[in-house]
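All values derive from a computational prediction rather than experimental measurement.
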Amino acid sequence: MATNLEFIKSVEVTSSTSSVDIDNVFTDKYNSYYISVTDFQTVSTTQTALYLRYIDSSGSVITGSTYDFTYLQMDSLRAFAVVNNTSENKLKFNEIDDAPTGAGFIVYIYNPYSSSSYTFANWQTSSSWTGGSRELRATKGLGVEHTAQSIRGFQLFEINTRPFDLGTVSVYGVK
């Protein structure tokens with residue numbers, strides 16, 4: 001894969017929210033995109049998870065059961081586990097627990113703007129997780145949104161509206 005990145009957009013989350021839309025970042029200029037998410041922190045004291053949904057060419061979030069994903073969950077104090085999900089309405093990246101701990105991750109997204117191809121993603125994450133004892137949790141995953149449509153952006157969110165209040169999302173085109 002090429003290593004030249006061209007900056008497109010950065011969004012900083014500075015107040016409590018349960019979702020953030022990063023819209024109008026995918027165009028026909030690039031086939032691949034690199035997304036960096038840093039310093040995400042939860043304000044909740046209960047478990048939550050970070051998810052992604054795409055935004056279609058009309059500006060609507062794609063919420064249908066058209067997402068499949070798999071990831072290897074690597075906990076520092078437990079056995080590794082493989083998670084497989086099909087026909088979901090989102091991609092799941094990682095879990096966060098015990099505020100004010102947080103997460104960071106990188107995502108590559110492929111062919112989002114093409115209306116004749118599925119949109120694929122692969123990612124790596126890292127977060128703090130208590131799960132009974134302090135530990136680190138990392139994931140390495142793959143996902144697909146299996147409708148051939150043009151996608152112009154994405155939404156990051158946490159389930160059950162457990163808010164996050166810090167974080168920076170940066171999007172780059174890969175040359």
Taking it one step at a time, do Val171 and Phe154 satisfy side chain to side chain contact (heavy atoms under 4.5 Å, CB included)? CA-CA 11 Å; Val171 181; Phe154 59 96; 3.9 Å; yes
Does [X] reach the side chain of [Y], with side-chain heavy atoms less than 4.5 Å apart?
X      : Y      : result
Leu156 : Leu50  : no
Lys92  : Val83  : no
Val37  : Val107 : no
Val13  : Thr168 : no
Tyr67  : Asn85  : no

[X] side chain to [Y] main-chain N or O, any donor-acceptor pair under 3.5 Å?
X      : Y      : value
Ser150 : Tyr113 : yes
Asp68  : Ser87  : yes
Thr125 : Thr139 : yes

Report the C-alpha separation of Phe120 and Leu142 in whole Å, then their side-chain angles, then the decisive distance to 0.1 Å, and conclude whether the side chain to side chain contact (heavy atoms under 4.5 Å, CB included) test is met. CA-CA 8 Å; Phe120 294 89; Leu142 303 168; over 6 Å; no
With respect to Ile8, which candidate in Phe26, Tyr172, Tyr33 satisfies the side chain to side chain contact (heavy atoms under 4.5 Å, CB included) definition? Tyr33
Only one of Thr66, Asn111, Val144, Thr147 passes side chain to side chain contact (heavy atoms under 4.5 Å, CB included) with Tyr118, and that residue is Val144
Evaluate whether atom NZ of Lys140 has more than 12 neighbouring non-hydrogen atoms of other residues, nucleotides or ligands under 6.0 angstrom away. no
Salt bridge (charged side-chain N to carboxylate O under 4.0 Å, His left out) partner of Arg152, chosen from Asp23, Asp21, Asp28: Asp23
Please report the interatomic distance [atom1]([X]) to [atom2]([Y]), rounded to the nearest 0.5 Å.
X      : Y      : atom1 : atom2 : answer
Glu145 : Glu88  : CD    : CD    : 13.0 Å
Ile106 : Ser170 : CD1   : OG    : 12.5 Å
Ser117 : His146 : OG    : NE2   : 13.5 Å

Do Phe157 and Val61 sit in one hydrophobic cluster, given that two such residues count as connected whenever their side-chain heavy atoms are within less than 4.5 Å of each other, even indirectly? no
Give a yes or no on whether Leu91 and Met74 share a hydrophobic cluster (residues Ile, Leu, Val, Met, Phe, Trp, Tyr; joining criterion: side-chain heavy atoms under 4.5 Å apart). no
Considering non-hydrogen atoms only, spot the tightest contact between Ser10 and Phe7 and give its length. N-CZ, 3.4 Å
Please give me the minimum heavy-atom distance between Ala121 and Ile109, naming the atom from each residue. CB-CG1, 4.3 Å
Tested for ring pair (Phe, Tyr, Trp, His ring centres under 6.0 Å) against Phe93, the lone hit among Phe69, Tyr71, Phe105, Tyr51 is Phe105
Can you list the residues that meet the side-chain hydrogen bond (donor to acceptor under 3.5 Å, both in side chains) rule with Tyr30, with sequence neighbours excluded? Glu6
Atom pairs and distances, donor-acceptor, side-chain atoms in residues 53-60, under 3.5 Å, two or more places apart:
residue: Arg53; atom: NE; partner: Asn89; partner atom: O; Å: 2.7
residue: Asp56; atom: OD1; partner: Ser58; partner atom: N; Å: 3.0
residue: Asp56; atom: OD1; partner: Ser58; partner atom: OG; Å: 2.8
residue: Asp56; atom: OD1; partner: Gly59; partner atom: N; Å: 3.1
residue: Asp56; atom: OD1; partner: Ser60; partner atom: N; Å: 2.9

Could you go through Ile62 and Ile151, starting from their C-alpha distance and side-chain angles, then the distance that decides it, and tell me whether this counts as side chain to side chain contact (heavy atoms under 4.5 Å, CB included)? CA-CA 9 Å; Ile62 302 169; Ile151 293 170; 4.1 Å; yes
